[in-house]
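For clarity, every value in this text was computed on a predicted model and none was experimentally measured. Proteins get letters first, then strands, A, B, ... in listed order; numbering begins at 1 in each.
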2 protein chains.
Amino acid sequence: MPDDPWQPPRILLAVDLVILTLRAARLHVLLVNRGIDPFRGAPALPGGFLADEHEDIEAAARRELAEEAGLSGVHLEPLGVYGEPGRDPRGRVVSVAHLAIAPRLPEPVAGTDAVHASWTPVDDILAPGAELAFDHRRIIVDGVERARAKLEHTALATAFCAESFTISELQQVYEAVWGVRLDPRNFYRKVQGARGFIVAVGPMRKPSNGRPARLFKAGPVHVLTPPMTRP
Amino acid sequence: MPDDPWQPPRILLAVDLVILTLRAARLHVLLVNRGIDPFRGAPALPGGFLADEHEDIEAAARRELAEEAGLSGVHLEPLGVYGEPGRDPRGRVVSVAHLAIAPRLPEPVAGTDAVHASWTPVDDILAPGAELAFDHRRIIVDGVERARAKLEHTALATAFCAESFTISELQQVYEAVWGVRLDPRNFYRKVQGARGFIVAVGPMRKPSNGRPARLFKAGPVHVLTPPMTRP
DNA sequence: ACAATAGTGTCTGTGAGACAATATGGC
DNA sequence: GCCATATTGTCTCACAGACACTATTGT
């Protein structure tokens, strides 16, 4: 029998990043304005192709995170694969999306790339009528849902806070990410009940008004028992 | 400035399938024996490369499911990406793993491919010392964990059963997948409390001994409220 | 004193798990 | 009757959510 000349197709592999942070008590996602076609001028997630055939996928995500957002050392995890044949008009591109969680950051980070990066409230960019390149709307939806779920079972919320924080500040993280209002008294009890979640460090005073709050820092535990269930 | 001749690398995209079923009250996974190098002769997950540049990833998974296991119409969902640079000695291969859930099936399905497919107990193949091609051990671990989690929140367990079933048969599904023993009385109440999970169809008799059990069939609901929590 | 926020206590309903008790078949 | 399994009932504990109440600051 003759040799089979069939060879499997080779495709382009990209990484896209959903980088979430908290600004002014609202959940924001980092977006860049595309400078080239397709979708020139439209907002898009930071991302790009594998640098070479031997680059690790997560390493590529970290590289893009540094190049386009100037960030390093933040929590990063795989989110999913987006490989629908028609998603990129240039050809077959399969993208591995990653989720990054960053603490409060000063100003719209200027990327070392020529791209223009800016923080955008998640509510705004997901509102009907907002435009996004490719299938990035779905990727953001999935990333936000993942972040919400992780807040339930892990100590991720402390990553959104400063080194030390009050319980009401931590509550604001949960309220902003989940998009709900929580009872401060029940939240207080619940957060204290999750063993190893937070540990006290000392008292502080609030700038304007009210009783000073105790300060806490992130505890040693990463998996919450019992979990912080969503309402 | 001169044009940049850099082009992103092209890689091979594969799909791998974790196909789970229940046989003799044990969770089994479908494995094939590799007929070619690398890992010739070692057990591996069914799978293969994209047929052409325009094939949808999930469509490729369904095609391999049919070709290598003779199955169609079963529940199928994406499980994750496995793309570590060294995972395939032939070169850079990124695999998108999928999870398939199949009801009880008669005999080791003979694939239309030349591969030799057989059901293997998950406990055995994950036991220390068992050999598997590539990183398929990790993929199976992830797939089993996903199936266990889905049993908690969805009506997936009924997919492992026949058209109609008793509550104790449904309990055996949970016990086999979770690998635990459950109290029949508490299980009975809990399963009845999940609204829309199962609906009664009529009585039956048991072959050997004991009181006859009512027969049920899968209800209309796919998301369980309240969920079936693992012990 | 008053406003505002921090922190504590109490109550009620729901659900999980242990396990007693009853029902219904075959033999 | 006896045995095995199915089905129902009861009890206790833990936790979520509602909300009254006390504590501690600035003004």
Student: Return the value, rounded to whole Å, for the distance between atom CZ of R214(B) and atom C1' of dA23(C).
Tutor: 12 Å
Student: In whole angstroms, how far is the C1' atom of dA4(C) from the CZ atom of R211(A)?
Tutor: 12 Å
Student: Identify, between P227(B) and Q192(A), the residue whose nearest nucleotide on DNA chain C lies closer to the 5' end.
Tutor: Q192(A)
Student: Please identify each residue that fulfils side chain to side chain donor-acceptor pair (under 3.5 Å) with Q171(B), with sequence neighbours left out.
Tutor: E175(B)
Student: Please list each protein N or O that sits under 3.5 Å from an N or O in nucleotides 17-21 of chain C, with the distance.
Tutor:
residue: dG17(C); atom: OP2; partner: K190(B); partner atom: NZ; Å: 3.1
residue: dG17(C); atom: N7; partner: R189(B); partner atom: NH2; Å: 3.3
residue: dA18(C); atom: N7; partner: N186(B); partner atom: OD1; Å: 3.3
residue: dA18(C); atom: N7; partner: N186(B); partner atom: ND2; Å: 2.9
residue: dA18(C); atom: N6; partner: N186(B); partner atom: OD1; Å: 3.2
residue: dA18(C); atom: N6; partner: R189(B); partner atom: NH2; Å: 3.3
residue: dC19(C); atom: N4; partner: N186(B); partner atom: OD1; Å: 3.4
residue: dA20(C); atom: N7; partner: R185(B); partner atom: NH1; Å: 3.1
residue: dA20(C); atom: N6; partner: R185(B); partner atom: NH1; Å: 3.4

Student: Determine the minimum heavy-atom distance between M228(B) and V191(B), stating which atoms define it.
Tutor: CE-CG2, 4.0 Å
Student: Is the closest side-chain heavy-atom distance between F197(A) and T158(A) below 4.5 Å?
Tutor: yes
Student: So which heavy atom on L17(B) is nearest to which on A61(B), and how close?
Tutor: CD1-O, 3.4 Å
Student: Short of 4.0 Å, heavy atom to strand atom, which residues of residues 154-179 of chain B count as contacting DNA chain D?
Tutor: S168(B)
Student: Tell me the interatomic distance from Y188(A), atom OH, to dC21(D), atom P, rounded to whole angstroms.
Tutor: 21 Å
Student: Any side-chain heavy-atom pair from H222(B) and T154(B) closer than 4.5 angstrom?
Tutor: no
Student: Specify the closest pair of heavy atoms between I101(A) and V74(A), including all atoms of both residues, with the distance to one decimal.
Tutor: O-CB, 3.5 Å
Student: Just the rounded figure in Å: distance from C1' of dA18(D) to CZ of R181(A).
Tutor: 16 Å
Student: Look at the aromatic rings of F134(A) and H136(A) and report parallel, tilted or perpendicular, splitting at 30° and 60°.
Tutor: tilted
Student: Nearest whole Å is fine: how far is dG17(D) C1' from M228(A) CE?
Tutor: 13 Å
Student: Please figure out whether P226(B) or G210(B) has its closest DNA chain C nucleotide nearer the 5' end.
Tutor: P226(B)
Student: Drop me the distance from R62(A)'s CZ to L71(A)'s CG, to the nearest 0.5 angstrom.
Tutor: 11.0 Å
